[in-house]
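Inspection log for the structure reproduced underneath, given as structure tokens.
Position 1 is the first residue of the sequence; numbering continues from there.
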Amino acid sequence: RRRPDRRRLLKKVSGAMSALSSLLERLSPMAMMEDNGTEKARIAISVLEKKALQEPLAAALAECGGLRILVQTMVLHPEPPVRQGACTVLSSALHEKEHAADFFIAAQGARLP
């Protein structure tokens, strides 16, 4: 039986992390102040919601520091659908069986305001 190529696997994981980081960057307050920033945030949270329902994101969110920006979005964003979307993504991550521990450790380490 053929073993998966380690380089391909690393490339796939780093690509997924890069995509996740890019989506989370769209939720930052500075990004939302740019032209069409709130529209980009709406799209980003929509994509994150779909991803969270289809695949485990807890470990990736913990690794790329997504907890802080999702909590900020959930608490501070002026649009209720975007706040609710951030809550959905966080809830999905918290309910993952395999990677929830990583997520909780990251939550403890993130000094949230």
Smallest separation among heavy atoms of [X] and [Y], with atom names:
X: L61; Y: L20; value: N-CD2, 3.9 Å
X: R83; Y: V75; value: CD-O, 4.2 Å
X: I69; Y: S28; value: CD1-CA, 3.4 Å
X: K40; Y: D35; value: NZ-O, 4.0 Å
X: M32; Y: R26; value: CG-O, 3.8 Å
X: A52; Y: V89; value: CB-CA, 4.2 Å

> Under 4.5 Å between side-chain heavy atoms, hopping through other hydrophobics if needed: is there a path connecting L76 to L90?
Replying inline: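 Hydrophobic grouping puts L76 with L90.
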Euclidean distance, I45 CD1 relative to Q84 CD, rounded to 0.5 Å: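 It is 10.5 Å, given to the nearest 0.5 Å.
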Q.
Return the CD to CD distance between E39 and E79, rounded to the nearest 0.5 Å.
A.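 Interatomic distance, E39 CD to E79 CD, rounded to 0.5 Å: 8.5 Å.
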Side chain to side chain, [X] and [Y], heavy atoms closer than 4.5 Å:
X: L57; Y: S92; value: no
X: L48; Y: T88; value: no
X: L23; Y: I43; value: no

Evaluate the criterion side-chain contact (heavy atoms from CB on, under 4.5 Å) for residue pair L70 and L24; output intermediate values, then yes/no.
CA-CA 8 Å; L70 285 170; L24 291 169; 4.1 Å; yes
Inset, instruction - Please answer whether the main-chain N or O of R42 pairs with a side-chain N or O of S46 as donor and acceptor at a distance below 3.5 Å. - result: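 Here the side-chain-to-backbone pair does not exist.
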